[in-house]
Structures are given as structure tokens and as C-alpha cells.
Enquirer: 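Structure incoming, see below.
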Number of protein chains: 2
Amino acid sequence: MNTATTVLVDSSNITQLLRDNDITPTQQRVEIAQLILARHQHFSADELLNQLGHCNVSKATVYNTLGLFVEKGLVRPVIIDPNKVFYDSNIHEHHHFYNVDTGILTDIPCDKLALDYFPPLPEGTQAEGVDIIIRIRNRV
Amino acid sequence: MNTATTVLVDSSNITQLLRDNDITPTQQRVEIAQLILARHQHFSADELLNQLGHCNVSKATVYNTLGLFVEKGLVRPVIIDPNKVFYDSNIHEHHHFYNVDTGILTDIPCDKLALDYFPPLPEGTQAEGVDIIIRIRNRV
DNA sequence: GTCAGTGCAAACCCTTTGCAGAAAG
DNA sequence: CTTTCTGCAAAGGGTTTGCACTGAC
């Protein structure tokens with residue numbers, strides 16, 4: 001098995017990926033990128049910090065790095081819950097289910113989901129992106 | 001001019017409205033309801049607190065009351081920005097533009113906006129609602 | 001009179017900041 | 001060597017909590 005995903009976690013490739021995105025590949029950034037780009041996933045800064053647990057990566061660096069990765073387009077912020085920003089390592093256009101009972105965020109397994117009509121934008125503005133969140137709850 | 005809106009801000013009607021929603025109409029709750037139900041608007045807890053400025057309504061009561069109103073369906077939380085929950089006094093199904101430059105949230109002036117396809121939900125769940133946020137930025 | 005609601009201030013939690021030391025090129 | 005990055009600890013800002021007082025009914 002030699003998928004794009006397994007190639008991605010190779011550390012020299014990560015280094016190159018970071019360089020390609022104008023990111024100086026420091027030890028901490030490679031470590032973080034390796035973790036979050038290994039597969040498409042949702043995570044908060046706090047969860048990432050815990051995953052890095054034993055490593056020598058500080059809280060400030062985690063926040064700095066996530067901010068940098070968002071700016072460079074390596075991850076995408078998804079904000080659904082007050083006081084909780086999820087980061088999404090899947091940066092392709094896609095949307096989410098948010099389970100209000102469990103707080104779990106999942107991708108909508110349909111890349112064709114779209115609006116039936118794109119409304120006129122306010123004067124002097126341009127579209128930046130669309131976030132569609134379907135809130136679901138456990139059936140009782 | 002004697003619209004539903006002006007009727008709504010009448011304090012005895014507000015009292016009845018609260019009772020109809022199983023909310024004990026205390027002085028502070030009436031005051032808050034009067035402010036936020038006067039017209040459809042977006043606001044944060046902090047903004048509401050400022051609007052109540054001179055009145056005798058404490059921070060804790062503002063948060064308690066907003067939480068209660070959400071629970072009872074009088075307002076709807078809209079979460080777009082980390083560390084900022086907007087409350088929307090328009091509880092009808094509708095969606096939002098979010099200007100990433102200004103942080104201003106506006107309703108999409110089209111009540112027909114909908115998905116072109118409703119995806120199958122995860123096993124054992126039911127739909128709770130859909131939030132569509134079109135992020136816009138000022139044209140340069 | 002009873003129970004729910006309120007105010008105040010302190011606690012909380014996540015995020016950001018400031019600055020000295022360390023690492024990248 | 002210079003510039004950028006990191007770690008630490010402290011500050012910041014919005015939200016929640018604990019508890020005594022007040023108000024609704």
C-alpha cells in the first residue's frame with residue numbers, strides 16, 4: 001500500500017510541502033504537519049496539543065503554527081461551537097454534519113452538495129466561500 | 001403605523017409572549033426581550049450588555065437570559081467567529097452573509113435559498129437544521 | 001412564605017502577548 | 001551572523017459559577 005496519504009507522512013516530503021507553501025520547515029512545524037496531514041481529520045488546537053504531548057512543542061507554537069497553516073491554506077478553520085474552533089485538514093470544498101448531541105463534526109460524503117441558487121451579494125463585495133452545516137441529532 | 005413589530009415592543013405583549021413560551025416574565029427578561037425582539041437583528045452578549053448599559057441588568061443575567069431564550073426558541077445562536085456568538089432574533093429559516101473584512105453578519109435576502117440535494121444522514125440521526133454561511137469580502 | 005431569578009466578583013478556559021534564548025539559512 | 005521561531009509564563013477577554021439578596025406569585 002503506497003497511497004498519497006502514506007507518501008504524505010514521509011518527513012522529507014512534508015519538509016518539501018512546507019517549503020512549497022512558503023513555510024520555513026522548522027522541527028515543530030514538520031512534527032505538526034505530519035500529524036494533521038496524515039489523513040483528513042477535524043481537531044481543535046487543544047486536541048493537537050495533547051497529541052503532541054510528549055514532544056517539545058509549546059502551546060504558543062501550536063497556536064502560531066495553526067494560524068500560519070490557515071493563512072497558507074494547509075488547513076481550514078471551521079467554527080461551529082462557541083469557544084471551539086475546529087481545524088479541518090481537508091481543504092477541498094466540502095461541507096459538514098454537526099451532531100449537536102455528541103459535538104462530533106463529520107464531512108458530508110457528497111462533493112456535489114451545492115446551493116440551488118446563488119444570491120446576489122451585497123454591493124462592493126465578492127464571494128470568499130460557502131460553509132454549509134447540517135445540524136443533526138441522535139434519533140430517539 | 002401599527003405593524004406587528006410595534007405591537008411586539010409593547011411591554012404587556014412582551015410579558016404575554018414570555019408566558020406563552022414558559023418563561024417567567026421578570027423585569028430584566030422583559031427589558032431584554034423588548035430590546036432584541038423589537039426588530040430582526042444580530043448581536044452578541046456583549047453588545048446587548050452595552051445596550052442595557054444604564055439599566056440594572058447584570059452580565060450574568062444577560063448570559064442566563066440569552067441561554068434561556070435560545071432554549072425556548074426566541075432567538076437563535078449563530079456561530080461564525082471564534083470567541084463570538086451572535087444571536088439572531090429572526091428565528092425563521094434563513095441564512096447569512098458574513099463579511100470577513102468587517103465581521104458584519106447580514107441575512108441573505110432570499111428565503112428560497114436551499115440545497116440542491118439533501119444528503120443521506122449518518123445512521124441513527126435526524127436533521128436538526130441547516131446553516132448556510134456565504135463568506136464575502138470587500139472588493140478591492 | 002417559597003422558590004426562582006438576579007447581582008456581584010471571582011474563577012475558568014481558551015487564546016494571545018512579550019521577551020529572552022534557540023534554531024534556520 | 002542575522003532573522004525568524006520557540007518556550008515560558010503572564011495577561012487578556014468572553015463566559016460561567018457560587019452564594020447571598022431580591023422579586024415573582
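Lettering follows sequence order; numbering is per chain, from 1.
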Enquirer: So how far is it from A/R29 CZ to A/L74 CG, rounded to the nearest 0.5 Å?
Expert: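 The distance works out to 11.5 Å.
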Enquirer: Are any non-hydrogen side-chain atoms of A/I36 and A/F69 less than 4.5 angstrom apart?
Expert: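 The answer is yes; the side chains approach within 4.5 Å.
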Enquirer: Among D/dC25, D/dC5, D/dG7, which is the nearest nucleotide to the side chain of B/P25?
Expert: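 Among D/dC25, D/dC5, D/dG7, the one nearest the side chain of B/P25 is D/dC25.
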Enquirer: Are any of the side-chain heavy atoms of B/D88 and B/F43 separated by less than 4.5 Å?
Expert: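 Contact flag for B/D88/B/F43 side chains = no.
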Enquirer: Are any of the side-chain heavy atoms of B/V85 and B/V78 separated by less than 4.5 Å?
Expert: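 In short, these two side chains do not touch, never coming nearer than 4.5 Å.
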Enquirer: B/D81 and B/Y98: side-chain donor and acceptor closer than 3.5 Å?
Expert: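 Yes, side-chain donor-acceptor contact under 3.5 Å.
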Enquirer: Which is more 5' along DNA chain C, the nucleotide nearest B/K59 or the one nearest B/Q27? Just name the residue.
Expert: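 Of the two residues, B/Q27 wins.
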Enquirer: Taking only side-chain N and O atoms of B/Q28, does any of them lie within less than 4.0 angstrom of OP1 or OP2 on D/dG23?
Expert: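 Answer no for this pair, as no side-chain N or O of B/Q28 is under 4.0 Å from OP1 or OP2.
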Enquirer: Is the phosphate of D/dT6 approached by A/R29 (side-chain N or O, under 4.0 Å from OP1 or OP2)?
Expert: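 For D/dT6, OP1/OP2 do have a side-chain N/O of A/R29 under 4.0 Å.
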Enquirer: Just how far, in rounded Å, is P of D/dC5 from CG of A/N56?
Expert: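 Whole-Å distance recorded here is 17 Å.
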Enquirer: I want to check one thing: is the phosphate of D/dC25, taken as OP1 and OP2, less than 4.0 Å away from some side-chain N or O of B/R19?
Expert: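 Checking D/dC25 against B/R19, a side-chain N or O does come within under 4.0 Å of OP1 or OP2.
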Enquirer: Under 6.0 Å between ring centres: does that hold for A/H96 and A/H94?
Expert: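 Between A/H94 and A/H96, which both carry aromatic rings, the centre distance is below 6.0 Å.
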Enquirer: Which of the following nucleotides, D/dA24, D/dC5, D/dG7, is nearest to the side chain of A/S58?
Expert: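 So the side chain of A/S58 is nearest to D/dG7.
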Enquirer: In whole Å, I'd like the distance from the CG atom of A/L52 to the C1' atom of D/dG7.
Expert: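 So the two atoms are 14 Å apart, to the nearest Å.
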Enquirer: Over its full length, what angle do the end axes of the helix from C/dG1-D/dC25 to C/dG25-D/dC1 make, each axis taken from five pairs and the result rounded to 10 degrees?
Expert: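 So the angle between the two local helix axes works out to 30°.
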Enquirer: Using side-chain heavy atoms (C-beta onward) and a distance below 4.5 Å, is B/R39 in contact with B/S89?
Expert: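 Heavy-atom side-chain distance check fails, nothing below 4.5 Å.
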Enquirer: Between side-chain atoms of residues 127-135 of chain A and protein atoms elsewhere (two or more places apart, or another chain), which donor-acceptor pairs fall under 3.5 Å?
Expert:
| from | atom 1 | to | atom 2 | distance (Å) |
| --- | --- | --- | --- | --- |
| A/E128 | OE1 | B/R137 | NE | 2.6 |
| A/E128 | OE1 | B/R137 | NH2 | 3.3 |
| A/E128 | OE2 | B/R137 | NH2 | 3.2 |
| A/D131 | OD1 | A/R76 | NH1 | 3.2 |
| A/D131 | OD2 | B/R135 | NE | 3.2 |
| A/D131 | OD2 | B/R135 | NH2 | 3.4 |
| A/R135 | NE | B/D131 | OD2 | 3.1 |
| A/R135 | NH2 | B/D131 | OD2 | 3.4 |

Enquirer: Nearest to the side chain of A/V57, heavy atoms from C-beta on, is which of D/dC25, D/dG7, D/dT16?
Expert: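 The listed nucleotide nearest to A/V57's side chain is D/dG7.
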Enquirer: Strictly below 4.0 Å: does A/T61 bring a side-chain N or O up to OP1 or OP2 of D/dC5?
Expert: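 No.
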Enquirer: Round to the nearest Å and state the distance from A/D81 atom CG to D/dT16 atom P.
Expert: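 Distance check: A/D81 CG to D/dT16 P gives 11 Å.
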Enquirer: Is B/T24 close to B/L18 at the side-chain level, that is, under 4.5 Å between some pair of heavy atoms?
Expert: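 B/L18 does not reach B/T24 side chain to side chain.
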Enquirer: Round to a whole Å and report the spacing from OH of B/Y63 to P of D/dT15.
Expert: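 The answer, rounded to whole Å, is 3 Å.
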Enquirer: Below 4.0 Å from chain B heavy atoms, what is the first contacting nucleotide of DNA chain C and what is the last?
Expert: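 Both ends considered, the range comes out as C/dG5 to C/dC8.
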Enquirer: May I have the distance from A/E31 (atom CD) to D/dC5 (atom P), rounded to whole angstrom?
Expert: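 Computing the A/E31:CD to D/dC5:P distance gives 17 Å.
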